[in-house]
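Keep in mind the model is a prediction, meaning the values are calculated, not measured. Each ligand, and each atom within it, is numbered from 1 in the order the structure gives.
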Amino acid sequence: MKTSNLLIHLYNNVDAFSLKARHVDLIRATLPETRITVAEGNHDFLEKLPEADCVLTWVFESGWYEGAPKLKTLFTPAAGHDWVAADPAGRVRTFYGSFHGRIMRESLLAMMLHFNRHIGKSLEDQRKRIWGRLDYTDNVALFSQRVLLVGFGSLGQSMAELLKAFGAGITAVKRDTAGFEGNPNVDRIISFGRLEDELPFADHVVFVLPGGAGTDGIFTARHFNAMKPGAHLYNLGRGNCYREEDLLSALRTGPLSGAGLDVFAGEPLAPTSPLWEQPNVLITPHSSAISREYIDLFIQEWFKKLMEI
Ligand code: OXD
């Protein structure tokens, strides 16, 4: 699709999520015939919006579409639909990012290896100058383990590719499995209704689900009870899919041995949350997608989509 008037507002308080001069240079070089405006803040963005036919932005409220009569396409890096509303009139095509998997799968792997290789213990021993070589009998390799990916959109699929290379056995859970049966990176793909049958066999259960009413509380206390004793849970999607009280209870009294948590029911995680003090929990501050390559990957994906649409 040809873009004549591009308006960019890609500032984010996470520096890696903000547009840099080198990105603007690349866009100018790739689209020499396009008029490119980089907004200087929200006010400037809204002022320039009436002329734009394509927008790259982190935030867009549904009421703003009325003030954008020439707008045809809107692209946001976010995977979730939390910050950019779709056009209520359905006129403007809105595209959400689907490039995050290549970054987030490395964050997931770091969490898994942290638990499998007892890195927390090594750090603690190092601080105390302890040579605890005899305490690693529980070390385990991913190639002997089973991973259950709850959610098999672009993130889950990318994670499966990496975990498969490590030799892990992989089952994916998807609401609608049609068309995914032959995926070469998973051993099995099942519908959500069969999740409870798989939980007793999974060493690692990974949540990469979108937020919203469709996933609210879908993993219940009954599901936690069905998990394999000693299993680990990871959440890199949204924090609404289980109750944190149920998670805590599974961490304190079993069956869970640990959890790697990047997202929470409320963010930032409250200083009073008992999760901070739970010893078998690894907390990251919704940072699993933060990486220097973030905006480069977004722009690559955007160029590709522009050619396709
Ligand atoms: C997203 C995120 O892109 O959570 O949705 O970072």
Side-chain angles (χ1 to χ4, degrees), residues 8-20 23 45 55-62 64 73-87 93-111 149-162 174-175 205-219 233-242 244 247 259-270 273 275 281-305:
I8 308 177
H9 186 27
L10 283 178
Y11 168 77
N12 195 292
N13 61 353
V14 174
D15 186 59
F17 291 176
S18 290
L19 193 81
K20 308 285 182 300
H23 300 124
F45 175 72
V55 154
L56 307 185
T57 184
W58 268 109
V59 177
F60 205 95
E61 294 177 17
S62 62
W64 294 357
T73 49
L74 184 157
F75 296 82
T76 183
H81 296 201
D82 314 52
W83 306 284
V84 167
D87 180 5
R93 293 179 73 186
T94 306
F95 296 87
Y96 298 86
S98 56
F99 57 89
H100 309 73
R102 279 179 72 198
I103 299 173
M104 289 172 67
R105 65 188 185 178
E106 294 197 17
S107 299
L108 172 66
L109 190 66
M111 286 176 169
L149 286 170
V150 185
F152 201 55
S154 64
L155 294 180
Q157 288 168 46
S158 183
M159 287 168 176
E161 188 182 49
L162 186 72
K174 196 156 170 58
R175 211 177 274 280
V205 177
V206 183
F207 290 90
V208 270
L209 291 169
T215 52
D216 261 343
I218 55 168
F219 199 80
L233 175 149
Y234 308 83
N235 195 352
L236 291 87
R238 287 292 183 267
N240 65 320
C241 55
Y242 47 71
E244 279 170 2
L247 169 65
L261 305 173
D262 189 53
V263 291
F264 302 87
E267 293 182 15
L269 184 63
S273 169
L275 284 169
V281 165
L282 173 63
I283 290 176
T284 53
H286 200 145
S287 57
S288 71
I290 299 180
S291 206
R292 273 188 248 166
E293 304 77 13
Y294 188 97
I295 292 289
D296 302 294
L297 292 184
F298 167 62
I299 289 178
Q300 273 169 29
E301 182 172 274
W302 171 59
F303 283 154
K304 195 160 170 274
K305 277 190 193 147

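If you number the atoms of ligand 1 from 1 as listed, the ones under 4.0 Å from a heavy atom of His100 come out as 3 (O). Listed by number with element, the atoms of ligand 1 under 4.0 Å from a non-hydrogen atom of His286 are 2 (C), 4 (O), 6 (O). Short contacts between ligand 1 and Ala78, defined as distances under 4.0 Å to a heavy atom of the residue, involve ligand atoms 3 (O). Near Gly80, meaning under 4.0 Å from one of its heavy atoms, ligand 1 places the atoms 1 (C), 3 (O), 5 (O). Every atom of ligand 1 with a heavy atom of Arg238 under 4.0 Å away is listed here by number and element: 1 (C), 2 (C), 4 (O), 5 (O).
Phe298 and Phe99 have tilted rings, their planes meeting at an angle from 30° to 60° on a 0 to 90° scale.
Side-chain N or O atoms of Ser18 include none that pairs as donor or acceptor with a backbone N or O of Tyr11 at under 3.5 Å. Counting only distance, with no hydrogens or angles, the side chain of Ser273 and the backbone of Ala270 share no donor-acceptor pair below 3.5 Å.
Distances shorter than 4.0 angstrom do not occur between any heavy atom of Tyr96 and any atom of ligand 1.
Between Leu155 and the options Val208, Leu108, Leu149, a side-chain contact (heavy atoms from CB on, under 4.5 Å) holds for only Val208.
Residue Pro77 places no N or O, backbone or side chain, under 3.5 Å from any N or O of ligand 1. Close N/O approach between Trp83 and ligand 1 is not found [any backbone or side-chain N/O within under 3.5 Å]. Remark: ligand 1 and Ala79 share an N or O pair separated by less than 3.5 Å (distance only, no angle test).
The closest side-chain donor-acceptor pair between Asp262 and Tyr234, if any, does not fall under 3.5 angstrom. Between Thr215 and Asn240, the side chains place a donor N or O and an acceptor N or O closer than 3.5 Å (distance only, hydrogens not considered).
Looking at every heavy atom in both residues, Ala79 comes nearest to Tyr96 through O-CB, 3.9 Å.
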